[in-house]
Amino acid sequence: MDISGAVVVVTGGASGIGRAMARRFAADGARSVVVADIDGAGAAAVAAEIGGRGEHLDVTSEDDMVTMIDRIEAEVGPIELWCGNAGIGTGSGIDLDNDGWNAAWNVNVLANVIAARKLVPLWTERGSGHLLITASAAGLLTNLGDAPYTVTKHGAVALAEWIAITHGAQGVGVSCLCPQGVRTPMTESDGDLAIEVVKAMGMIEPEEVAEAVAVGLAADDFLILPHPEVARYEQRRAGDRARWLTGMRKLQESLPAW
Ligand SMILES: NC(=O)c1ccc[n+]([C@@H]2O[C@H](COP(=O)([O-])OP(=O)(O)OC[C@H]3O[C@@H](n4cnc5c(N)ncnc54)[C@H](O)[C@@H]3O)[C@@H](O)[C@H]2O)c1
């Protein structure tokens with residue numbers, strides 16, 4: 001897809017990867033970049049910096065998301081790229097209570113369902129539109145130390161695949177962004193297994209993710225891998241699941257128990 005002249009929305013755009021993507025889209029000539037985040041002040045600050053539009057949005061509220069989309073379409077123009085990028089980790093195993101699991105599900109998966117339910121019919125009618133879901137390498141592999149993150153990011157990848165298969169022929173483009181470690185507020189804490197393991201695998205900057213996104217969108221790539229080695233890891237996992245599980249177990253045992 002061509003960013004130049006497009007109306008773009010980035011959820012979770014106040015910080016980290018979302019902020020870097022919003023800045024990059026503005027630099028690449030998007031007509032309008034809408035920065036939507038539960039941190040309304042942060043969204044407004046990024047929007048002010050790039051000449052975009054800031055929106056306070058909790059992506060788990062269907063009413064708020066639908067109202068925002070209607071408002072943007074009426075006041076700015078048809079949305080051509082929606083980046084469902086807001087996401088949360090938990091740092092927990094299966095012991096996390098249902099409220100914690102539901103929170104991860106609502107932000108990491110259901111928010112993208114809500115956006116797609118509203119936008120895909122508009123896009124199929126227009127014959128074009130693009131959805132980018134920020135999943136994670138955890139959605140293709142696993143994230144040691146965070147069960148809800150792993151499970152919901154696998155769900156995000158599955159959702160992106162399903163929409164691409166079901167609506168791809170109707171003009172709906174889909175990209176699934178699956179980075180490994182990226183230096184953002186999400187990964188800045190110390191002493192948490194889920195984060196320490198990501199740091200140990202090698203961190204990149206949000207701007208490098210935005211670069212991979214720009215290249216991937218221009219090529220209409222489905223899978224966008226800012227860490228290219230993730231493709232090899234995924235092939236190893238698919239090629240011999242038992243061996244991959246043994247390797248992951250060994251990796252976990254080799255790490256300090258935080
Ligand atoms: N940092 C990494 O290593 C890494 C790796 C792979 C994938 N990701 C994914 O990238 C995305 C962005 O994460 P990041 O690393 O930039 O983290 P971040 O914490 O810097 O940014 C996440 C943003 O999402 C917003 N947000 C959270 N809940 C929200 C809600 N209910 N409604 C609206 N906005 C909400 C936060 O306010 C924040 O601005 C997430 O989906 C994350 O899972 C991150």
Side-chain angles (χ1 to χ4, degrees), residues 9-24 34-47 54-65 68-69 82-91 100 102-115 131-146 148-157 159-160 175-189 192 194-210 212-213 223-227 229-230 233:
V9 180
V10 183
T11 73
S15 171
I17 294 169
R19 180 173 59 191
M21 287 199 292
R23 285 174 173 159
R24 179 64 190 247
V34 179
V35 182
D37 204 292
I38 199 165
D39 171 7
V46 175
E55 291 275 352
H56 173 257
L57 173 72
D58 179 348
V59 293
T60 67
S61 165
E62 179 152 19
D63 284 353
D64 290 356
M65 197 185 298
M68 189 191 84
I69 290 171
W82 178 276
C83 299
N85 168 79
I88 56 170
T90 76
N102 285 333
W105 165 257
N106 287 333
V107 179
N108 295 345
V109 183
L110 196 60
N112 293 308
V113 176
I114 293 170
L131 174 69
L132 179 140
I133 293 180
T134 304
S136 167
L140 300 170
L141 305 163
T142 198
N143 185 193
L144 297 176
D146 199 329
Y149 190 75
T150 299
V151 172
T152 56
K153 290 297 186 177
H154 271 259
V157 172
L159 176 67
S175 296
C176 187
L177 172 61
C178 293
Q180 223 165 225
V182 186
R183 216 177 314 276
T184 71
M186 183 181 262
T187 52
E188 74 187 359
S189 66
D192 181 74
I195 291 173
E196 294 298 337
V197 73
V198 161
K199 285 183 186 165
M201 303 292 281
M203 302 288 277
I204 63 172
E205 302 302 323
E207 292 71 27
E208 296 176 79
V209 178
V213 167
L223 202 54
I224 300 179
L225 299 177
H227 302 72
E229 64 272 25
V230 169
Y233 301 157

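All ligand and atom numbering here is 1-based and tracks the order in the structure. Values reported hereafter were calculated over all heavy atoms of this structure, with side chains retained and with hydrogens, waters and symmetry mates removed.
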Q) When rounded to the nearest 0.5 angstrom, what is the spacing between CD1 in Ile17 and OG in Ser136? A)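 Rounded to the nearest 0.5 Å, the CD1-OG separation comes out at 8.5 Å.
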Q | Value rounded to 0.5 Å, distance of CG in Asn106 from CG in Asn112 | A |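 One gets 11.5 Å once the value is rounded to the nearest 0.5 Å.
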Q: Could you verify whether a donor N or O on one side chain and an acceptor N or O on the other, from Asn108 and Thr152, lie under 3.5 Å apart?
A: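 There is such a pair (donor and acceptor under 3.5 Å, judged by atom type) between the side chains of Asn108 and Thr152.
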Q: Tell me yes or no: between the side chains of Thr90 and Asp146, is some donor less than 3.5 Å from an acceptor?
A: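 Yes.
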Enumerate the pairs of nitrogen or oxygen atoms, one from ligand 1 and one from the protein, separated by less than 3.5 angstrom; state names and distance to 0.1 Å.
| residue | atom | partner | partner atom | Å |
| --- | --- | --- | --- | --- |
| ligand 1 | 1 (N) | Val182 | O | 3.2 |
| ligand 1 | 1 (N) | Thr184 | OG1 | 3.2 |
| ligand 1 | 3 (O) | Gln180 | O | 3.4 |
| ligand 1 | 3 (O) | Val182 | N | 2.8 |
| ligand 1 | 3 (O) | Val182 | O | 3.4 |
| ligand 1 | 8 (N) | Tyr149 | OH | 3.4 |
| ligand 1 | 15 (O) | Thr184 | OG1 | 2.6 |
| ligand 1 | 16 (O) | Ile17 | N | 2.8 |
| ligand 1 | 20 (O) | Ser15 | OG | 2.5 |
| ligand 1 | 31 (N) | Asp58 | OD1 | 2.9 |
| ligand 1 | 32 (N) | Leu57 | O | 3.4 |
| ligand 1 | 32 (N) | Val59 | N | 3.0 |
| ligand 1 | 34 (N) | Ile38 | N | 3.2 |
| ligand 1 | 37 (O) | Asp37 | OD1 | 2.6 |
| ligand 1 | 39 (O) | Asp37 | OD1 | 3.4 |
| ligand 1 | 39 (O) | Asp37 | OD2 | 2.7 |
| ligand 1 | 41 (O) | Asn85 | O | 2.8 |
| ligand 1 | 41 (O) | Lys153 | NZ | 2.9 |
| ligand 1 | 43 (O) | Tyr149 | OH | 2.6 |
| ligand 1 | 43 (O) | Lys153 | NZ | 3.0 |

Q.
Walk me through whether Asp58 and Thr60 qualify under side-chain hydrogen bond (donor to acceptor under 3.5 Å, both in side chains).
A. CA-CA 5 Å; Asp58 179 348; Thr60 67; 2.8 Å; yes
Q. Does Lys153 use its side chain to pair, donor to acceptor, with the backbone of Thr134 at less than 3.5 Å?
A.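 Checking the backbone N and O of Thr134 against the side chain of Lys153, a donor-acceptor pair under 3.5 Å is found.
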